Amino acid sequence: MLTSLYVRHFAVVEEAEIAFGPGLTVVSGETGAGKSLLVDALMLLAGARADSGMVRAGSDRAELTAEFDLSDLPEAREWLRREELDEEDTCQLRRVIRAEGSSRAWINGRPANASQLGELATLLVEIHGQHEHQALLSRAHQLELLDAYAGNEQLVSQVRELATQWRELGQRIRKLSGGDDREQRIELLRHELDELEKWALPADGLVELETSHKRLANAGRLAEGAGGVVELIDGDSEFALRRALGRAQLEMSKLAMLDDRLAPLLELLDNASIQLTEASDGLGRYALDVDLDPERFAEVDTHLTRLHELSRRHRVSTAELYDKAATLRDELSELEGAGDAVDKLSRQRQQLQQRYDEQASTLSHARAEAAARLGDEVSALMTELGMSGGRLVIELEATGEGDPDAQGRERCELLVSANPGQPPRPLRKVASGGELARISLAIEVATLGKDTIGTMVFDEVDTGIGGAVAEVVGQKLRALGGQRQVLCVTHLPQVAAQGHAHLRVSKASDGESTRTRIEKLDANGRRDELARMLGGVEITRETKAHAKQMLDRAQA
């Protein structure tokens, strides 16, 4: 439920903060005063496109803030939790629109984009504007409306999911039964797999191959280098390490005889002599054992070259070629065993078809029952709304027993007879705009309140009606306010009198600037506003008495 709305420097409103309660709140005011600004503000907070014209002249930005109580809105609470924007049982939507046209939005104090605002708003508020009834001309919308009225959401979801699975299985079957394309694919896979199985290596094998290639490519240098190091250690030169170390050992032994504290250092030189000997012997053996086999090098080099060629062809790294072979092997196995796979998938598809037929049949029965109920209910409302003898017929046209359809086995068409004796005609072909508006209002009154939306907003949907019909519309809206919070912008006193609360929008100008004021009316204020709506410029004692009677009758 909407608990408060704050606007600042928005259009002609300098600043206003409005508290809302449950039930029906009506909004009235003189023509041009800006009655629909509250609706505009809520639409912007619901993610509607913003522009600089919404910022009050002379201001750098407009600010809009709405707060909602989520106690009875579990879906909204779950959405906020999922998006990590939750704040217990309350929610604040805030939007700032700058004079240059840019805007920013927040949900519970955290930045949000217009898409998020829109998603959340659909769970918080439902706005019906002056041209909302045009959506009812769409047959797809009519079917959605019927399902919402019947509470078919779960059935519709199951039917859609089964149809989707059935279609996806069909695509897999067609892929496996591809005729010439399948044979060509099998031949290509066999060729590519032969190459990969010949050359691709697992990770450790690839490392070993690359190491061998590096060693074989540098075999001559390795042998020569090892021999050179042996010469440095144990050669004939007087500067060879072993000779120099031997002289150092001899000199150190003489010194150690003079001071035994040098004995440990002499031991280090002796150990160094042993390690030099081992290093020299090892390097000598390595130099003799280095593989100088050019044929082996050519084999390894060819192997690596082929791996790089395959890597470029398959667009993967050389390390991924081994896994690529496994992927192709699985695909080839599936294609070669397509007969068995197709049979298995076909059986699964038949089972899906059977389950779909059962669920679609259940949905069809539910729709048929709901269509009769909704038709009767709307027909009765049409009579109350001044269309005596008018009726609504909801026609369900079967689509046949062919392939599973995500929307079910029927399409919906709303047929209307506006006057007695006239055959029902498609709603989209009703010529009179006034009739269409009243029929649409009857449908909305009959179907609204079937969902979990906490707040419904009507922006002058009572345009084009008056008198007793207007009073009936007001009564229906008031009754709807007993189930949901309802906001209604109206110009009709018969509707305004039915409100549980009343807001008046007024405009004042000092010749240089214009300001709009929004105030909540007390009992006397409501009487005076209804009198203005009844009597126009001149408000008489009789007009005020009439206004009071209307209020008393509505509140009784």
Side-chain angles (χ1 to χ4, degrees), residues 191-330:
H191 172 71
E192 291 183 337
L193 193 56
D194 284 345
E195 285 189 315
L196 288 173
E197 288 180 338
K198 179 178 180 180
W199 301 108
L201 294 172
D204 54 350
L206 182 61
V207 171
E208 183 180 348
L209 181 71
E210 291 173 339
T211 302
S212 295
H213 183 270
K214 184 177 181 181
R215 184 173 60 248
L216 288 167
N218 295 282
R221 181 182 172 189
L222 289 169
E224 182 180 351
V229 174
V230 169
E231 183 66 23
L232 287 173
I233 295 173
D234 203 13
D236 294 332
S237 169
E238 62 177 304
F239 300 108
L241 293 177
R242 285 278 304 279
R243 290 184 176 225
L245 183 58
R247 291 194 294 271
Q249 285 176 286
L250 179 60
E251 184 64 26
M252 182 62 76
S253 63
K254 294 177 181 178
L255 295 174
M257 292 176 63
L258 299 175
D259 187 349
D260 57 6
R261 289 182 301 174
L262 295 175
L265 300 178
L266 176 60
E267 185 177 354
L268 290 176
L269 291 177
D270 292 340
N271 290 336
S273 177
I274 295 171
Q275 291 176 345
L276 275 177
T277 300
E278 291 177 354
S280 179
D281 293 344
L283 283 168
R285 289 193 299 272
Y286 176 85
L288 294 174
D289 292 341
V290 168
D291 191 356
L292 296 174
D293 186 352
E295 294 183 1
R296 173 58 182 159
F297 172 69
E299 290 176 3
V300 173
D301 189 64
T302 298
H303 199 149
L304 274 179
T305 300
R306 294 296 294 142
L307 285 175
H308 287 297
E309 290 174 356
L310 291 171
S311 172
R312 287 192 297 272
R313 186 190 307 170
H314 292 283
R315 297 183 179 181
V316 296
S317 67
T318 54
E320 295 172 308
L321 287 172
Y322 192 78
D323 291 336
K324 180 68 175 180
T327 301
L328 296 184
R329 194 178 298 112
D330 290 342

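This structure is a prediction, so every number in the text was calculated from the model and none was measured.
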- Query: So which pairs with a foot in residues 317-330 pass salt bridge (charged side-chain N to carboxylate O under 4.0 Å, His left out), sequence neighbours left out?
  - Reply: E197-R329

- To the nearest 0.5 Å, how far apart are CG in L321 and OG1 in T327? 11.0 Å

- Query: Which is it for H308 and R312 under the side-chain contact (heavy atoms from CB on, under 4.5 Å) test, yes or no, and what are the steps along the way?
  - Reply: CA-CA 6 Å; H308 287 297; R312 287 192 297 272; 4.1 Å; yes

- Query: Atom OG1 in T318, atom CH2 in W199: separation rounded to 0.5 Å?
  - Reply: 14.5 Å

- Message: As an exercise, state the distance from CG of L328 to CG of D194, rounded to the nearest 0.5 Å.
- Response: 11.0 Å

- Taking C-beta and beyond as the side chain, do T211 and V207 meet within less than 4.5 Å on heavy atoms? yes

- Query: What closest approach, in Å, do A325 and L193 show between heavy atoms, and which atom pair accounts for it?
  - Reply: O-CD1, 3.3 Å

- Test item: L307 and L209 side chains (from C-beta on) under 4.5 Å apart, heavy atoms: yes

- Item | From CG (L201) to CG (L196), nearest 0.5 Å | 11.0 Å

- Below 4.0 angstrom, N of the basic side chain to O of the carboxylate: do E309 and R306 qualify? yes

- Task: Kindly give the heavy-atom pair with the smallest separation between Y322 and P202, and that separation in Å.
- Result: CD1-N, 3.5 Å

- Answer yes or no: are there more than 12 heavy-atom neighbours, outside E267 itself, under 6.0 Å from its atom CD? no

- Item | Over all atoms of both residues, closest heavy-atom pair of L266 and Q249 | CD1-O, 3.7 Å

- Task: Determine whether R247 and E251 make a side-chain contact, defined as any pair of heavy atoms from C-beta on separated by less than 4.5 Å.
- Result: no

- Taking the side chain from S280 and the backbone from L276, do they hold a donor-acceptor pair closer than 3.5 Å? no

- Message: Which residues pass the side chain to side chain donor-acceptor pair (under 3.5 Å) test with T277, not counting sequence neighbours?
- Response: R242

- Message: A side-chain contact here means heavy atoms from C-beta on lying under 4.5 Å apart; do L283 and I233 qualify?
- Response: yes

- Message: Please determine whether a side-chain nitrogen of the Lys or Arg among E192 and R313 lies less than 4.0 Å from a carboxylate oxygen of the Asp or Glu.
- Response: no

